[in-house]
Structure formats: structure tokens, C-alpha cells
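Inspection log for the structure reproduced underneath, given as C-alpha cells.
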Protein chains: 2
Amino acid sequence: MKSGSEDNFSSISPAEFFYRNKQMAGFGNPTQAVYSTVRELVENALDACEEKKVFPEIQVIIKSIDTNTLSITVSDNGTGLPHNQIPRAFGRILYGSKYDARQRRGTFGLGVTMAVLYGQITTDTPVIIHTQQENSPGVFITLTIDIEKNQPVVISEDTRKRKPPGTTVTIHLQGDLTRSRDRIIEYLTLSTIGSPHAKIKLEIDDSTSMAWGAFSDEYPASTISCKPHPRSADFEILRRLLRANPNLSIHQFLVESFQQVGDRTASKFLTFMGFDSEMKVTDLSRKLIVRLSNALQKYDEFNRPDARCLSAIGKAPMIDSIESLFSPDFVAYEFQNPSEWNGHPFILEGILAIGPDFRPVSIPTLYRFANRVPLLYDASEDILTKVLRQLRWSRYGLKSPRPVAIFINLCSTRVPYKAAGKQSIAAIPQLESAADLLFKALGRKLNSAVRMSERSSRYKQQIRKFTKYFKHIVQFSAELADSSSIPPVDSMIQDLFEVDVDE
Amino acid sequence: MKSGSEDNFSSISPAEFFYRNKQMAGFGNPTQAVYSTVRELVENALDACEEKKVFPEIQVIIKSIDTNTLSITVSDNGTGLPHNQIPRAFGRILYGSKYDARQRRGTFGLGVTMAVLYGQITTDTPVIIHTQQENSPGVFITLTIDIEKNQPVVISEDTRKRKPPGTTVTIHLQGDLTRSRDRIIEYLTLSTIGSPHAKIKLEIDDSTSMAWGAFSDEYPASTISCKPHPRSADFEILRRLLRANPNLSIHQFLVESFQQVGDRTASKFLTFMGFDSEMKVTDLSRKLIVRLSNALQKYDEFNRPDARCLSAIGKAPMIDSIESLFSPDFVAYEFQNPSEWNGHPFILEGILAIGPDFRPVSIPTLYRFANRVPLLYDASEDILTKVLRQLRWSRYGLKSPRPVAIFINLCSTRVPYKAAGKQSIAAIPQLESAADLLFKALGRKLNSAVRMSERSSRYKQQIRKFTKYFKHIVQFSAELADSSSIPPVDSMIQDLFEVDVDE
């Protein structure tokens, strides 16, 4: 198995691992690197604003330094960072503030640090952070990463006012701006569908100045951190919870530790399992813990998970932003009730849109979002794409190509990304069936929209024919009656059918 | 940016990261988990045998314990493990013996530990390891992982003889054997193409007993660990090398630290760069280090990298195994000279095969291998698949579907996998162009094979026609000559055209 003589065994730090495998974190080539740096900084900027409950105003400034070196600066009006956390937040992989069970855009403690690392190895330049929290002095820090130790190295550190409070981060890196430009613009545009309440500005050198967003004044629902759902109780989680609550009875333990387990449910579950509900958790044998874990994961009478840890985009804001960006002729919104995969709650919401801004297709064009973040790469291996392609869209009105797109947003406390670069969703059976239901619901909306438009065009044709004959009849009747004036046929038809006569 | 109050910041261990994101390491669902466990154990078993230079004899035994629990045992005749390294080799993520610059199947120090972790969280059962090195007493150890600390926890430890030396590992896990069965068989079958010198046996309960391999008695070329190629000198690598060689002149430093840099090349490079070659490396300013790193990565007169750290399958062994498994009518082998991506050497080799065992297709069916390991999942996002699909195969003889397959093997000291689950290759420009060349070379072979077979079928048709007329002529001549015996026409034709007469 893992082999070799004694002396060539060694440990590497997580920073070293991702330094060696940059492509896994979205930094595999100079094009991706520019895109991922923008993405990670913007994600964090949006999270920081929502933390503070302000409408996000994000500014992205990209400057070419020479042919293949550039600087990327992202500013926000969010919470700002506590002074003593800055070095590790930017200079340590797998360190962060977002490991609790709430929906966040960033969750790995990996993305921004990877951008800092990539900048450092390609330009030898430290990251520059200027941040200020409300009622604190501002801080201006530059730092690099000791990759072998996975530790920040602060280069300089000053008190410096920043007005208004918020954070500005600048990263210098080698990258291919020409090839990443369109992707960045697409990413920022779609970000304002994921976050319709946010305003995002982009400047690239002197050539590009764009702005999007503020499509909705509805603020996203606040999320709260929830207890684990009993279905997530694998042995690791169960043992951690048992260790944290040594003095409880098994009944109390279940009620205290999990969501969706009240007194009634706990009693019912324990009776069903044949457990003594007064037993202390410290008295549980290994065999009983095995039984308990298996039963918690399989018992199917627990309620669906609490969705208050999640924050969907919502019908009105999502429609507002899509209508502002694509002027569709038709939109329909669908929503799947909260469900869970391995105990992690998730929601799926989606919009079907028809309009000339989309390409005519026989399978709808798919725009994917996860926790409101647009996913642009690796579409074909994404489970959402696979489910979409499995449906027979000819049944849902796409017998011939039409300009149709679907926007789908997966919200979860644990998005099962296939890789640390967060570009595509893994094949989780529960997600698969939820996506199938959502696409079918949107398909039915598509079908009736298509039939309605077909009916209405048939109807128009009939009116057109009738109008032609009616004019002849009117004229003929007038001649018969020796009347020289012909009645106003067009307005009569308009009265009759409530349509315009277009011939 | 990364936001929040001070007290909710925290660090997680790499084990915790991959525990939370199991799908990234190939353990996302019960089907994948079974497959990945077999794969990781077999990979390590093969590496251990090659370490010892013995012909691998690998045994895989899978036993159902109940409907969704099973045990997987893999035995090898390899080096065995040093006693004191066993706990960390199996119980610590990012710990291993394969971080040097040589081609290995496993390189992350992640795979087997993930299998142990998955077994533990789904069945609460420790991994069982029985190993013996040559001239050492055997060891029998069971252990689990402290996931939060990323540390092994040894449960039991004994001296126990194992005959012959080698390693046996057993992991209990929850998984879906029914759905993973075919994939495991496919994986093991293809593994004997990647390693034609290996013998692999599989037993599943009482129902399946199969064996493959030992198709070649050619032993794979040994690999040696090579110095870095100058093109890999990003700032991180350059600084590490400078730190390790503080007393050298810049000229000596280049010759000592890198491959493909002898005295002549170093002088030429330094003159080209305008560096003083006698300058001590400790005197290099930051600005000069920046210039040096950029120049090393871009200077295009360094030789191609040393391929002795790589070990391709090779023409004869690869053909032998494919002929044994698929009985093709036609095979052709192609090979791309060693090249590098970001300084990491790589080789591409491939076989084109035509035969009734393959499906008729208009784009060849692709079997992917990386460092001799078959890649079965996530094909469509793999850069090799993408390059294959971009070619116009109708130009290479596939105007109509034919039963054609391509087997491609990428060897590198650093395979750029898209995710830690090692299933697909990221879009690295240098790999892309090498794959394009290889596929085109194989395409030309396909084209001439197709034309040859068309020519030969035209030729056969002509012979058939000629045979018919010739028989008439012979008979007619015999009648004219009043001869009652007709000469043996068939054998005459066989003599004439060296073909069988099939009518």
C-alpha cells in the first residue's frame, strides 16, 4: 500500500496541497485565475454586505500593468474585518468565519486565500487590504502566505481611516485579461440575478465602464444558524454531539441536539427503536450508538428541515432582475419545498424565460446558480445539466427550437461542489429528483405558454380570414343597398374581437 | 470581505474539510464510495509492488455484510509498510511517501485515508492493516481517524507474521455494491491495460470470481526523482531553491538546482539576461529575483524535460494487453515526445484499435488513463475528451460509424486533475496541444486502415468477378478441347492471387 522506506514520508500543509493543485481551486491557467480572483473577491464582498444588512455597492477595478500582469481591486460597503483576524482570513487556507450551518456564498475558507497565493507566486506581490468596521479605526495591511506552514506573513500594518466603512482588497497577479474579460462581464451580470438587491460596477483600464443591478429593493431574508437535522447523524456528528451533551438522557439529547425533534417525535422515535428513553447518553454502548445512528439516518417521519438557514432569491426579485436584463416575453417561477441531502437542507428555485435575447434551442439554455452565485464553468458534468438533458423537451412544447432559458438556483448550507473551484454540482440523488421535479414544473409552464401562443396565432389567422370576407360582404351589401358609403369595417372588427386588424 | 465578529473565526483540519466535502474526493454517494475505495486500495497496491520491482499480484475481495454494508479487502505482494509509518499513512490526510518528483499512481496522501474516513463515519469500524516488509516482523494494526485533529487513533497493534511479505487492507463501509459492481469490473479490467505486467483477481461474495492481467512480462521502466525544470520556477519554487543554496553564485545555482541547465546553457541564459554570473545568490535583490523567475519561465532554449521520472506503458505491453482483452482487427500505437506544463514533464501515448468488441461510432470511444490508472467518471469535462471531440473524424475515415476506440495514457509527475477524486484532467494549454497532435497521428493511422480495408474489399470484389468469368472460360475451353476433365480452377486462383475463394 502506501509504501517506501521510513525517511521519505512527510506531511504537507493544506496551502501546499492547493499550491500544487491550483487547478482544483479554480486557478489552473491564466484565464481562470483572473476570473476566479474576481469571483472570490465579489462573493466575499456580497457576504460582508449581507452580514451588515446593507444594500451592497460593489466596485471592481481591473488595471493592466504590463502584457500579462494586472491588478484587481474589489471594494464593498460591508461589515469590514476585525483587525486581528485579517492576517489569517487572507493568509491561511481552511480558516474562516463561515463554518456554521447557514447559507453563505463562501464557505471553504479557501477562495480568497488562493487568490492571494496565486498573486504571490506569479508576481511576488503581497495582497493589500484596507478595511474598517463601524466604530473602529481603519486598518491598512499588506501580507503574503508562508505556503509550507500555511501561515500569514504580515509585511506592513497601519491605522488608516476608510470612509465609509467596508473593505477594499487589491491583488496583483499574472493572468490573461483578454480571454477572461467576457467571462467576468457575464459573471457580474448574472450576479445581479443571484443578488438583485446589489449594485455592481466594473472598470477595466480606460476601456470598460459598466454597472448592473439594484433591480429589487426587497432585502434578502436573514438566515439563522440551525441545529443539525437528525438525518445528518453519521457516526462522526453523532459522537461529537454525544460528547458535547454527556449529562442528558437519550430523550433530552435528541430534543436538544437536533432540529425537527420535539418531545412527541423523540418519544415516538425511541419507542419505535425500542430504546429506553431515560437512559443516559454516557451509558450508550458502541452497539447502541451504531443502531441509533443508522435509525436517525433512515427514520422517515422526521419533518423536512428548517429552511430559515437558507435564503432563496425569491420570485419577485428574480423576475425583476431577469426582466431588466433580458426583456423576456414570458417568465414563470417555480419553487421546490425545502428538502435535505444527508441532513443538509436545500431549496431549488427556477425561472423559465422566453424571449428574443435567448438562442433558439431544443433544450432550454441553462443558467446555474448555487447560493446565489452564478456557475459558469464545467456545465456538462453538473448534475443539474444532466437532469435537464434527460427530459424530453419535445413533450414540453419544444418540438421545434424556441428561444428559451432556465435560471436555476440551488440554496443549501452545504452545496456539494465537485471541486474546490466551486463550478459544478455533484450527483446527489436527492438533488437529482428535486431538480427533475422543478424542471418538469417549468416544462409544463413552457408547454402552456407555447400552446397559448400557437392558439393565439391560429386565432389571429382566423380573424384575418374573417376580416377579408367580412369586408367583401360589407362592400357587397352596400352595393346591393345602393349605398355609396361603406361602414367602418375595421373599427367594427376591433369592437367584435378586441384585437387590432393588422392587414 | 471574509466578515463577521471576532469570535466566530476558526480553522478546520484538512480531514475535516474533506469530511465535509466528501464528493470532492470521490466519496459523494454510496456507489462512488465503493468504487473509490477499491480504486484507492488497488492504486496503492500496484505502487507498492513497483516500488519493490516485483510483478504485482493483487487480490480484491468484496463481501456483503448486510443490504448496504460491505467489506473490501485488497492484498498485494509489494514492499509492505514501515511499522511506525502505518498510523499516519492511513490516518492522516495529506501525509504520504509520494511527494517527490516521480510518476506515481497516488500522489496526494489523500485517497486511502478518505476510504478509511468514509468507512469509519458510515460503519464506525476501524481499518484493518496487516503488513510485512522483507526481513521485518509482520504488523497487524487497526485504527481510526480523529477527523477534527487530522490524527490517527490506533485501536489495536500486534506483531503477526504475514506470508509472503506485502500488505492486506480491509475497510468496512456502507455502499451500493449492486450499482458499483460493473464499474469495479471495468476499472480492474482496464487497470491491466495500464499495468499489463500485473495480475488482478476479484471475488465478490460467492457470485463472482474473475482474474485479469499478466499480459506482458516486460517490467515497467524504473523512474528516478528529477530536479525541477527551469520552466517551473515560479516565485515559490525559486525562493525555496535560493534558500537551500545560499552560498552559490547565480551560475552555480542554476546548474545545481535545475535539470536541463549545464554550464553552457547557464552562461548563455545569464548573458541573454544581462546578469553577472559570479553574483552570489544572497545578493539578489527582490527586483532581480522577479526578473530571474520571469525569465526562467519564458526562456525557450531550455531542453525538453528529462523523462526518466516518467514511466509510460510502452508500445508492446499496451498492444499485448489490448489484444488480449478486445481481440481487435487493427491496432496502431503513437507516442508524443516528453514535454512540460509549468515545468512538470509529461508524456502522452495512445492506441487506436478497430474491432467488433467496440461500438460503431462516428467519434472514437475514448478510454482515458493517467499515470496508468483508468479514469472512468466525469469524461465529458476532461480536456482529453474535449480535444477528441473537436477533431473532424470524418476526415480520418469515419464518414460512417465504425467500431473504433482510442486508449490514451497521460504520464506526468503532476497530473492536473480537476478534483481530488482524480477523475478528469483540467484544461492545460500544453496538454491540449499535445493531445491534439496525438489524436491526429492516430487519426491518420485510422484513415489508412480504413482506406486499406476499402481497397481490399474492392480488390476482393474484382477477384470474385474474375473468378466467375474464369470458371466459365475454363469450362468453355475444356468443352472446345473436348476434354471431359475440367482443371482445378479454385486452386489456380488461390495460387494466382494468394487469397481464398469464398464463393
Side-chain angles (χ1 to χ4, degrees), chain A residues 1-6 8-12 14 17 19-21 23-24 28-29 44-45 47-48 51 76 78-79 81-82 84-85 88-89 92 94-97 99-100 109 112 120-122 124 131 147 167 169 234-236 286 289-290 378 380-381 414 416-420 426-429, chain B residues 1-6 8-12 14 17 19-21 23-24 28-29 44-45 47-48 51 76 78-79 81-82 84-85 88-89 92 94-97 99-100 109 112 120-122 124 131 147 167 169 234-236 286 289-290 378 380-381 414 416-420 426-429:
Chain A
M1 316 309 302
K2 288 189 185 187
S3 61
S5 59
E6 281 187 35
N8 55 12
F9 277 87
S10 64
S11 207
I12 58 171
F17 176 78
Y19 163 59
R20 295 185 186 192
N21 298 287
Q23 74 286 349
M24 290 186 192
N29 62 51
N44 280 359
D47 276 345
E51 196 76 29
D76 67 55
T79 49
L81 274 149
N84 62 344
Q85 295 294 349
R88 278 174 296 179
R92 185 169 163 81
L94 306 188
Y95 184 85
S97 64
Y99 293 128
D100 56 351
V112 167
Q120 162 182 336
I121 62 167
T122 58
D124 200 39
T131 183
I147 296 174
T167 303
V169 179
D234 65 31
F235 288 100
E236 182 65 18
R286 179 180 167 271
I289 294 176
V290 169
D378 291 350
S380 67
E381 282 299 340
R414 185 80 48 86
Y417 290 112
K418 295 186 84 162
I428 305 291
Chain B
M1 315 312 302
K2 289 188 184 185
S3 60
S5 59
E6 281 186 37
N8 55 13
F9 277 87
S10 64
S11 206
I12 58 171
F17 176 78
Y19 162 59
R20 295 184 187 193
N21 299 287
Q23 74 286 349
M24 290 185 191
N29 62 52
N44 280 358
D47 276 344
E51 195 75 28
D76 67 56
T79 48
L81 274 150
N84 63 343
Q85 295 295 351
R88 278 174 297 179
R92 185 169 163 81
L94 306 188
Y95 184 85
S97 63
Y99 293 128
D100 56 352
V112 167
Q120 161 182 338
I121 62 167
T122 58
D124 200 39
T131 184
I147 295 174
T167 303
V169 179
D234 65 31
F235 289 100
E236 183 66 18
R286 179 180 167 271
I289 294 176
V290 169
D378 291 350
S380 67
E381 282 299 340
R414 184 79 49 85
Y417 290 112
K418 295 186 84 162
I428 305 291

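Both backbone and side-chain heavy atoms feed into the values below; hydrogens, waters and symmetry mates do not. Nothing here was measured: the structure is a model prediction, and the numbers come from that model. The chains referred to below are lettered A, B, ... by the order of the sequence lines, with proteins before strands, and numbering in each begins at 1.
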> Side chain, backbone, both or neither: which part of Ala420(A) has a heavy atom under 4.5 Å from chain B?
Replying inline: both

> Which bit of Asn21(A) comes within less than 4.5 Å of chain B, counting heavy atoms only: side chain, backbone, both or neither?
Replying inline: side chain

> Given the rule in the side chain to side chain contact (heavy atoms under 4.5 Å, CB included) test, do Phe9(A) and Leu81(B) qualify, once you have shown the distances and angles that lead to the verdict?
Replying inline: CA-CA 11 Å; Phe9(A) 277 87; Leu81(B) 274 150; 3.9 Å; yes

>> Restricting to non-hydrogen atoms, name the atom on Gln23(A) and the atom on Tyr417(B) that form the minimum distance, rounded to 0.1 Å.
In response: NE2-O, 2.8 Å

> Tell me, side chain or backbone of Ile428(A) under 4.5 Å from chain B's heavy atoms, or both, or neither?
Replying inline: side chain

>> Quick check: do Gln120(A) and Phe235(B) have side-chain heavy atoms less than 4.5 Å from each other?
In response: no

> Just by distance, do the side chain of Arg286(A) and the backbone of Asp124(B) share a donor-acceptor pair under 3.5 Å?
Replying inline: yes

> For the residue pair Phe17(B) and Leu94(A), what are the closest heavy atoms and their distance?
Replying inline: CD1-CD2, 3.5 Å

>> Rounded at 0.5 Å granularity, tell me how far CD in Glu381(B) sits from CG in Asp378(A).
In response: 4.5 Å

> Ile147(B), Asn29(B), Ile289(B), Thr131(B): which one forms the most heavy-atom pairs within less than 4.5 Å of chain A?
Replying inline: Ile147(B)

> Under a 4.5 Å heavy-atom cut-off, does chain B meet the side chain of Thr122(A), its backbone, both or neither?
Replying inline: backbone

